[in-house]
Amino acid sequence: MNADLLAQARHYEKTYGSRIAPEERPLFHVTPTVGWLNDPNGLSYYQGKYHLFYQYNPYNTHWASMHWGHLVSEDLIRWERLPAAMAPDKPYDNAGVFSGSALTLPDGRHLLMYTGVEEQKRDDGFIDSRQTQCIAFGDGLNYQKYERNPVITPEMLPEGSSTEDFRDPKIWWDEADRCFYAVMGSRTADGSGAVVLFRSGDALRWEYCSTLDRSRNQYGKMWECPDFFPLDGTDVLIVSPMEMLAEGLEFHNGNNAAYLTGRWDRHARTFERLELRALDYGLDFYAPQTLLTPDGRRVLIGWMQSPETGHSQPHDIKWFGQMTIPRELSVRSGRLLQRPVRELERYRGELVICRNVYVRERLCLPQVSGRCVDMTVRVRPAGGALYQKFTIKIAKDTEFYTAVTYDPGSSVLRFDRSHSGFRHNIVASRKALVRYQEGEIKLRFIIDRFSAEVFVNDGEQVMTSTLYTPQNADSISFEAEGSAIIDVEKYNLER
Ligand code: FRU
């Protein structure tokens, strides 16, 4: 195989990555060194630093020839770029080093577990494609693929499982069972997705345990990028189901990300599902992965894009694809809450507070503007009457804006980027049904140049979307149909 592919990628990203000025990127949201980025991979804490890898095509801003890009951070907010970690340079991964995860082995090595995609052209011209699970060992900078790869093959799956759709291993060490477990996405005989569980004593030799849950053609087709962990007394399974049907205001993105709460029975190795819900209600969110921090927090990072919105590259951009802000997870009343990691607060600069502002029609507030901000807005009715609608416009000038509108009558929150400057025919608005609280709503906006993440009611829901609005559109306005009272707390985010 081509042993130089990694060296080539490292040379290319060093040459071209350095030509992208910091102002052309978000302040904190992760972007590829150069080219294309999709899923977060190998999110782990190794030798005193957080490591984040990503699905990476350095050579252009479209998905192709998957490598693993690599970054490290001390606080999950400021990331330092490292050279690409893996290239598709072995026969068993010649068509891509697909998504996977990482952990620290007892001997101190960093282990990466990923999906190798192998393609072979048949005599009749058709291409056979096969996905297997592979590993690599490293020191946090350089990684060697295991000489006995692959370590898990589709032949180890229950009968009828797809050999082409079997990917995205998430590995962890289970102290109670004293073994490694890994979950993977698979496609069962009914053509729809499932999460399969494997175990191993040494992370090299694996055996199939069970199928934790499956779509049965109810929740989309292939299930990608599973993750599985206990949290606040509940067991949580995360999946990214492809080709889902919408239900009410849920699951409108085709390829969605969902979480399943339930109970893990470690003796039977089964998972009993209680609920399945959407993880995000915005336009750009897919394939998240979590990590347990040394101080015991479960932190999630998602790809702030999705397979469907991954074709909306603005002109002249030298990078494409961003990660979400890392989010701390918790469970309350069976629901997953997401909040920006507390480390972000260290980067809060100047604060502007405006309390009890009476809003009727449109107004702007002094110094409440910007494209790198952490802003919390509480809206409530003024006096006895409920307002009809409340709208916050961000990334605004005379030409552009993105609107977030709450209608307390229907309890629907709408995100609309139709006028944000996209020049492609892409979906621009999304609605979420939020918990009704007599016209009161709390919205925290994390705006970082090319995106907005809106955390609703302390993270009960999140709407995540990219915005490629010119940076000088930095006004923020508030407007009510009827009248409302708001409190605004806005920090500039600074590096
Ligand atoms: C999810 C996904 C994964 C796969 C990777 C390939 O976005 O399709 O299932 O491993 O991307 O880049």
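Just so you know, ligand 1 is whichever comes first in the structure, and atom 1 is the first atom listed for that ligand. Hydrogens, waters and symmetry mates are skipped; everything else that's a heavy atom, side chains included, is used. Counting begins at 1 with the first residue of the sequence.
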Inset, instruction - Answer whether the closest heavy-atom distance between the side chains of Gln55 and Asn41 falls below 4.5 Å. - result: yes
Legend entry - Non-hydrogen atom of Thr115 closer than 4.0 Å to ligand 1: no
Legend entry - CZ-CG distance between Arg327 and Leu76, expressed to the nearest 0.5 angstrom: 13.5 Å
Inset, instruction - Just jot down the ligand 1 atoms closer than 4.0 angstrom to any heavy atom of Tyr286, in number order. - result: 1 (C), 7 (O)
Legend entry - Glu308 and its side chain to side chain contact (heavy atoms under 4.5 Å, CB included) partner, picked from Leu283, Val427, Asn255, Ile426: Asn255
Inset, instruction - Give yes or no for whether the N/O distance cutoff of 3.5 Å, strictly under, is met between Glu224 and ligand 1. - result: yes
Inset, instruction - Do me a favour and list the nearest non-hydrogen protein atom to atom 12 (O) of ligand 1 with residue, atom name and distance? - result: Gln55 OE1, 2.7 Å
Inset, instruction - Run the numbers for me: atoms of ligand 1, each under 4.0 Å from some heavy atom of Met66, listed by number. - result: 12 (O)
Legend entry - Heavy-atom nearest neighbour in the protein, as seen from atom 9 (O) of ligand 1, with distance rounded to 0.1 Å: Asp168 OD2, 2.7 Å
Legend entry - Passing option when Tyr146 is tested against Leu112, Leu111, Ile135 for side chain to side chain contact (heavy atoms under 4.5 Å, CB included): Ile135
Inset, instruction - May I ask you to check if ligand 1 and Trp303 share an N or O to N or O distance below 3.5 Å? - result: no
Inset, instruction - With Arg109 as the cation and Phe137 as the aromatic partner, state whether NZ or CZ is under 6.0 Å from the six-membered ring centre and within 45° of the axis. - result: yes
Inset, instruction - Applying salt bridge (Lys or Arg N to Asp or Glu O under 4.0 Å) between Glu460 and each of Arg332, Arg335, Arg277, Arg339, report the one that passes. - result: Arg332
Inset, instruction - Give the residue, atom name and distance (to 0.1 Å) of the protein heavy atom nearest atom 2 (C) of ligand 1. - result: Asp39 OD2, 3.3 Å
Legend entry - Interfacing atoms of ligand 1 (cut-off 4.0 Å, heavy-atom, Ser99): 5 (C), 10 (O)
Legend entry - CG-CZ distance between Leu413 and Arg430, expressed to the nearest 0.5 angstrom: 13.5 Å
